Amino acid sequence: MGKLADGARQVSEGAAQLASSAPTLVNGIGKAADGAQQLVDGSSKLATGEQDALKGSTQLRDGANQLRDGLGAGLKEIPNPDDPTRQATANTIADPVAVNSVGVASAGTYGAGLAPFFISLATWIGAFVLFLLLRPLSTRALTAGASPVRVAFGGWLASALLGIAQVLVLFGAVTWLVGIHVAHPLGAIGFAVLVSLSFTAIVHALNALFGAVGKFLGLVLLVLQLVSAGGTFPWQTIPDALYPLHIVLPMGYAIDGFRHLLYTGASLQILGDIGVLAAYLAGALAVSSYAASKRRMWTVSQLKPELSL
């Protein structure tokens, strides 16, 4: 009985433990059920992934086949040139740009390149020197009542003829003594005559209008044209402040015209230079006529000058 009582007590205690462990067992069974469901879902995803992997493997195989076919076709397109072709290709890659120089106009020598500038300069100096010796207007003609236009043309005509003689001698020295070849001799001589007529008319107008001050103004214009005409270097390289002087003053047009005629490659651009010089000629003669008309008015000091002892 005693053993039976102990056994009953142990059974009772085991039953109590079982009762207390039952909730935990229920929770474990629930978790096992959830895990089993997750396992089912994972198995489905794994099956789907395996299908995707299978499709990707198929596409990868097809792409590899296309790459193989493309490489095979590209290998056939690679050129296999011979030695001359390879050498020519290498030269082209090493020097891809070739410069082909074509001389449109050539002066030949440095002296010939400066000839237009010095011819124009000598023509202006010759006109300047002429009016150190000649009177711009004839006082006798003015007192005789001659027309101002006739007086102006008469005062300029002598310097014009001497200026033409000067340029003819100048061209003879340039071509025969210096030995500069002139590409267009007749055109160059005709243009030089026009330049001489224009320069003498300009200096004549300055002397007729301003008197002794006109000689100084002629010298000032010479200095300004030395730096703005572009005779020894391209006029585009001069400072911007000198651009208006190059456009306004006549020597730049004379130099440009001589360059077209002394060298090969003359163009119709010279017609613009001729037009500008002809305009200067006409304008200077008009100014000389105006100065002659002003000189017809005599002041008291001119009629009866003061004497200084």
Side-chain angles (χ1 to χ4, degrees), residues 105 107 111-137 149-150 152-208 214 218 221-222 225-226 229-231 246 248-289:
L114 293 178
F117 172 66
F118 284 106
I119 292 175
S120 302
L121 178 62
T123 305
W124 184 278
I125 294 175
F128 179 82
V129 171
L130 285 176
F131 286 100
L132 296 178
L133 306 174
L134 301 176
R135 289 184 178 182
L137 298 176
V149 177
R150 291 183 59 190
F153 272 80
W156 167 73
L157 187 59
S159 63
L161 295 176
L162 291 174
I164 293 174
Q166 284 180 342
V167 295
L168 293 178
V169 173
L170 176 62
F171 256 86
V174 167
T175 54
W176 295 334
L177 297 181
V178 181
I180 294 177
H181 173 72
V182 180
H184 307 279
L186 296 180
I189 293 174
F191 185 76
V193 170
L194 175 61
V195 171
S196 178
L197 295 177
S198 300
F199 286 1
T200 53
I202 293 171
V203 179
H204 175 260
L206 292 174
N207 283 271
L221 287 179
L222 173 62
Q225 291 178 114
L226 289 178
H246 175 80
V248 172
L249 297 178
M251 188 176 290
Y253 299 96
I255 294 173
D256 185 70
F258 279 127
R259 282 174 177 163
H260 282 286
L261 294 170
L262 264 64
Y263 315 141
T264 58
S267 65
L268 294 179
Q269 187 179 353
I270 191 176
L271 296 178
D273 301 325
I274 293 174
V276 172
L277 292 173
Y280 264 104
L281 174 60
L285 292 177
V287 172
S288 298
S289 301

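Sequence positions, counted from 1, serve as the residue numbers for this chain. Hydrogens, waters and symmetry mates play no part in the numbers below; they use all other heavy atoms, side chains included. Given the structure is predicted, the values throughout are model-derived calculations rather than measurements.
Just one residue in the list Val276, Val195, Ile202 forms a side chain to side chain contact (heavy atoms under 4.5 Å, CB included) with Pro250, and that residue is Ile202.
Put simply, the side chain of Asp256 never gets that close to the backbone of Gly252: no donor and acceptor are under 3.5 Å apart.
Using a 30° and 60° split on the angle between ring planes, Trp124 and Phe199 fall in the perpendicular class, above 60°.
Phe258 is not listed as a side-chain neighbour of Ile255, based on a closest heavy-atom distance of 4.5 Å or more. Counting heavy atoms from C-beta on, the side chains of Thr123 and Met251 never come closer than 4.5 Å. Side-chain contact between Phe171 and Pro185 is absent, with no heavy atoms from C-beta onward closer than 4.5 Å. No side-chain heavy atom of Ile180 sits less than 4.5 Å from a side-chain heavy atom of Thr175. The shortest side-chain heavy-atom distance between Leu221 and Leu206 falls under the 4.5 Å cut-off.
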Q | Working for side-chain contact (heavy atoms from CB on, under 4.5 Å), residues Ile125 and Leu222 | A | CA-CA 8 Å; Ile125 294 175; Leu222 173 62; 4.1 Å; yes
Q. Can you list the steps and then say if His260 with Asp273 is a side-chain contact (heavy atoms from CB on, under 4.5 Å)?
A. CA-CA 10 Å; His260 282 286; Asp273 301 325; 4.3 Å; yes
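Scanning all heavy atoms of the two residues, the minimum distance from Ala188 to Leu262 falls at CB-CD1, 4.2 Å. Contact detail for Leu285 and Ala201: the closest heavy-atom pair is CD2-CB, 4.4 Å. The two residues Ser159 and Phe131 come nearest to each other via the heavy atoms OG-CZ, 3.3 Å.
Atoms CG and CG, on Leu121 and Leu114 in that order, are 11.5 Å from each other to the nearest 0.5 Å. Put simply, CG on Leu261 and CD1 on Ile270 are 3.5 Å apart, with the number rounded to the nearest 0.5 Å. Taken to the nearest 0.5 Å, the CZ atom of Phe191 stands 15.0 Å off from the CG atom of Leu186. To the nearest 0.5 Å, atom CG of residue Leu130 and atom CG of residue Asn207 are 10.5 Å apart.
Each side-chain hydrogen bond (donor to acceptor under 3.5 Å, both in side chains) pair with one or both residues in residues 188-204, not counting sequence neighbours, appears once here: Trp156-Thr200, His204-Ser288.
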